[in-house]
A.B. asks: 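The structure's right below; bear with me while I get my questions together.
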2 protein chains.
Amino acid sequence: MIKAGLKIVPEYWDEGLECISPVQMLEVRTLKMQKHLRYAYRNSAFYKKCFDEAGLRPEEIRNLEDYFQHVPFLKHKQMIENQNARPPFGDFLCVDIKDIRRIYSSPGPLMMPFSKSDMDAYINATANGLYICGARRGDIVDVTHAYQWDLGGTMVDDGFRRLGCAVIPGGPGMSRTHIHIMKHLGVTVIFAFPSFAIKLAETAKGMGINPRKDLNVRLIIIKGEEIYGENDKDILAEEFGAEVREMYGGAETGFVAAECPYGGGLHCFTDSIVEIIDPFTGQASAEGEGGEIVTTDLSRTAMPVIRYRTGDLIERLDVEPCPCGRTSPRIKRIVGRIGDIVRVKGVYLIPDTVKQIIRTHDSLGKFQIVIGHSEGRENLLIKVELSDPKNNQGIEQLLIDDLRAVMRLKAKIDLLPFGSIGQDAPIVIDKRIH
Amino acid sequence: MIKAGLKIVPEYWDEGLECISPVQMLEVRTLKMQKHLRYAYRNSAFYKKCFDEAGLRPEEIRNLEDYFQHVPFLKHKQMIENQNARPPFGDFLCVDIKDIRRIYSSPGPLMMPFSKSDMDAYINATANGLYICGARRGDIVDVTHAYQWDLGGTMVDDGFRRLGCAVIPGGPGMSRTHIHIMKHLGVTVIFAFPSFAIKLAETAKGMGINPRKDLNVRLIIIKGEEIYGENDKDILAEEFGAEVREMYGGAETGFVAAECPYGGGLHCFTDSIVEIIDPFTGQASAEGEGGEIVTTDLSRTAMPVIRYRTGDLIERLDVEPCPCGRTSPRIKRIVGRIGDIVRVKGVYLIPDTVKQIIRTHDSLGKFQIVIGHSEGRENLLIKVELSDPKNNQGIEQLLIDDLRAVMRLKAKIDLLPFGSIGQDAPIVIDKRIH
């Protein structure tokens with residue numbers, strides 16, 4: 001018998017790495033980075049060419065400052081063009097096909113080969129992330145991500161098993177089947193997109209099952225969709241009576257960050273270099289400022305992905321110490337994708353910022369950003385649904401003031417009845433393009 | 001450098017077990033069987049009750065004869081009833097939930113928990129089967145089975161990776177995407193249902209891609225649907241210019257047999273006991289006779305499945321030595337499911353037998369078996385489509401003679417024009433039931 005209250009599960013998956021001192025981390029990372037650049041240069045024709053064209057030799061990159069200044073970025077489009085020119089893997093592949101264990105593919109097509117050691121490193125990193133989120137050996141887990149083509153489902157499945165969980169490979173869709181099985185098995189952890197987790201709660205209620213009382217879910221781990229509703233986590237926590245934690249990653253990067261029980265952002269994993277850049281200039285964002293996430297996975301052997309521009313925009317990286325004891329910086333909120341940003345009157349406008357402001361007013365609904373130009377000048381119009389147009393209460397002026405304060409932009413406001421903006425209507429209409 | 005022609009891949013996955021002498025096999029299996037029965041009796045309330053009710057103690061089962069005579073059968077329905085009465089695993093579970101790594105579920109619901117050691121044994125057995133079929137390290141494999149809920153896709157994926165293949169978790173559907181990726185990656189092995197593999201060939205041709213010339217597929221491993229067309233293997237081999245091999249298994253049993261390059265049936269794996277019984281009497285079928293497959297997996301620790309009646313009917317077990325050197329008996333053709341058999345005039349009629357006879361005549365099409373009774377006697381009518389009714393050429397009498405010779409049944413024949421029998425028409429109409 002184990003004494004009540006005795007902590008039998010260690011707090012960390014890999015305490016040495018998760019709680020490493022920043023000074024030590026810098027040393028470890030610098031060495032790994034140097035080794036990785038040399039490996040890529042020696043084994044991949046792509047990186048050799050890339051570095052040679054930049055007049056750079058890996059030996060010259062002595063520290064992270066050099067790395068941030070000189071190593072070329074890698075864009076999604078470059079990878080696809082290179083692979084399509086020389087299928088299947090372009091000039092990227094660094095190992096023999098006999099050492100490949102999985103090949104993921106995303107539209108393009110973009111092929112992502114993983115060697116045995118890559119799989120091992122990724123499964124370990126994924127398990128580590130799920131552990132940070134709070135999953136533990138003995139949990140019964142329903143994985144609702146797709147298992148087809150893409151990295152998501154199978155990698156999470158492998159990660160949970162590495163952790164010692166009992167995994168149900170449920171996959172997407174079939175929400176009634178999910179609910180039946182959650183109830184029958186007493187599922188304790190769900191891995192899902194936020195929208196699908198909310199759908200599961202609705203499905204349960206439609207079946208006369210109270211997700212909070214009749215199900216046994218204690219933890220929901222979400223992988224954020226590009227932008228999910230600000231309140232989605234609270235809604236889910238309330239509906240299921242469960243904790244809600246988040247992981248971040250993509251097909252090209254694997255998982256790179258996970259949220260600890262303190263909920264103050266997503267801890268970056270130690271085997272990746274995560275940086276935040278200004279997506280327009282490519283320069284490092286100032287400390288505490290937002291921008292685009294750029295990653296290098298230092299464990300990747302089959303197809304190194306170095307200084308990959310994810311296209312994901314975050315609010316900022318938090319480098320303050322976390323009460324959980326982990327020392328890595330935390331990603332605060334994903335706020336959008338590169339394609340969503342527009343430049344208006346010399347200022348970058350991120351739709352999510354507008355959304356945050358509108359969400360503070362209960363009476364407002366969906367919105368749309370229209371950028372136009374007249375008489376040689378750009379103008380900004382925000383269309384937004386209002387629940388009770390007769391009861392305007394000066395909301396128009398409030399919005400104008402809020403938008404000016406936060407975005408430093410003057411906008412016109414067009415208040416419309418609820419239902420005026422379609423569910424699938426584009427969030428940004430840029431009339432300057434036509 | 002490796003010398004040309006030097007065999008670098010061993011012929012067997014586990015030569016010691018695959019080529020074991022029948023005498024040694026009997027010893028190994030007897031010991032494993034005894035150990036497994038004692039384990040199940042001691043750890044599972046279900047088997048304790050089952051054995052106790054049969055007045056049996058595991059210690060009394062000293063050899064396989066005892067086992068075949070005394071150990072109770074397990075039916076699908078029993079498992080579901082027991083689990084539904086005491087969810088989630090009924091009285092079956094023998095291990096702590098912390099030792100479970102996967103839970104598969106099929107409609108019922110029927111839950112199949114696998115422990116870490118079960119997973120390991122199953123992945124190894126699956127890898128062994130895929131190896132027998134001819135898959136090798138370095139193959140690029142497209143797994144087209146579903147990864148959701150059921151054992152199929154994820155287990156095959158694990159098995160191929162264990163073998164050292166590069167796995168694409170393609171899953172079912174999206175046949176155009178499969179073809180695109182097969183072409184781009186130079187896929188060498190496909191794992192598929194026969195019908196889906198045929199669909200892939202058709203899809204390719206529709207896209208202007210010749211599966212034989214433009215794709216690189218050298219091996220197709222099929223998991224037979226209940227009854228697939230007799231010529232499906234030949235069609236597939238011809239369409240893709242590839243070898244076609246088969247594996248047998250199910251959600252409850254895992255994979256239990258695989259076909260070697262000699263193509264003379266599916267070698268049973270050594271860690272299962274496979275028997276053939278008369279589905280009506282439960283007695284062992286005579287050597288060389290067909291019947292229902294009953295299996296016991298001797299490696300299963302989380303939920304032992306002992307003397308499980310699969311409901312699958314086979315032509316026979318072939319115990320003749322195989323030129324490949326493997327010593328285990330081979331399953332010859334799955335010919336149907338229990339529900340398909342009917343008893344007419346005291347004889348068991350398997351629709352597939354009728355199909356085999358009709359297929360020998362090129363001019364014949366779809367058929368239907370009608371069982372009726374008049375004047376207190378049962379009668380059998382075979383309706384069958386004929387391409388050219390004017391050119392009967394005594395086919396009616398030929399059919400009557402063939403059916404009598406093979407089935408020991410006298411049937412009336414009703415020859416109909418092509419298209420008379422609908423695609424979804426039932427194969428058997430039993431008028432005695434009404």
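Here is how names work: the chains are called A, B, and so on, in the same order as the sequence lines, proteins then strands, and each is numbered from 1. Note that these values count all heavy atoms, side chains included, but never hydrogens, waters or copies made by symmetry.
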A.B. asks: Residue by residue, scan residues 169-177 of chain A and write down, ordered by number, those that have a heavy-atom distance under 4.5 Å to chain B; if none do, write 'none'.
C.D. replies: A/P169, A/G170, A/G171, A/P172, A/M174, A/T177

A.B. asks: For the atom pair CD (A/Q148) and CD (B/Q148), what is the distance rounded to the nearest 0.5 Å?
C.D. replies: 7.5 Å

A.B. asks: How long is the straight-line distance from CD1 of A/I100 back to CD1 of B/I168, given to the nearest 0.5 Å?
C.D. replies: 11.0 Å

A.B. asks: Which bit of A/I140 comes within less than 4.5 Å of chain B, counting heavy atoms only: side chain, backbone, both or neither?
C.D. replies: side chain

A.B. asks: So how far is it from B/C165 SG to A/R102 CZ, rounded to the nearest 0.5 Å?
C.D. replies: 12.5 Å

A.B. asks: Could you list the residues that satisfy salt bridge (Lys or Arg N to Asp or Glu O under 4.0 Å) with B/R161, not counting sequence neighbours?
C.D. replies: A/D158, B/D157, B/D158

A.B. asks: Kindly determine whether B/L185 and A/I103 satisfy side chain to side chain contact (heavy atoms under 4.5 Å, CB included), including the steps that lead there.
C.D. replies: CA-CA 9 Å; B/L185 284 177; A/I103 304 172; 3.7 Å; yes

A.B. asks: Non-hydrogen contacts under 4.5 angstrom with chain B: give the residues of residues 106-119 of chain A involved, or none if there are none.
C.D. replies: A/P109, A/M111, A/M119

A.B. asks: Search all heavy atoms of A/R137 against all heavy atoms of B/R101 and return the closest pair with its distance.
C.D. replies: NE-NH2, 3.8 Å

A.B. asks: Among B/G153, B/S105, B/P88, B/G138, single out the residue with the greatest number of heavy-atom pairs under 4.5 Å to chain A.
C.D. replies: B/P88

A.B. asks: Do any pairs count as a ring-ring contact (aromatic ring centres under 6.0 Å, His included) and have a residue in residues 146-171 of chain A, sequence neighbours left out, and if so which ones?
C.D. replies: A/W149-B/H178

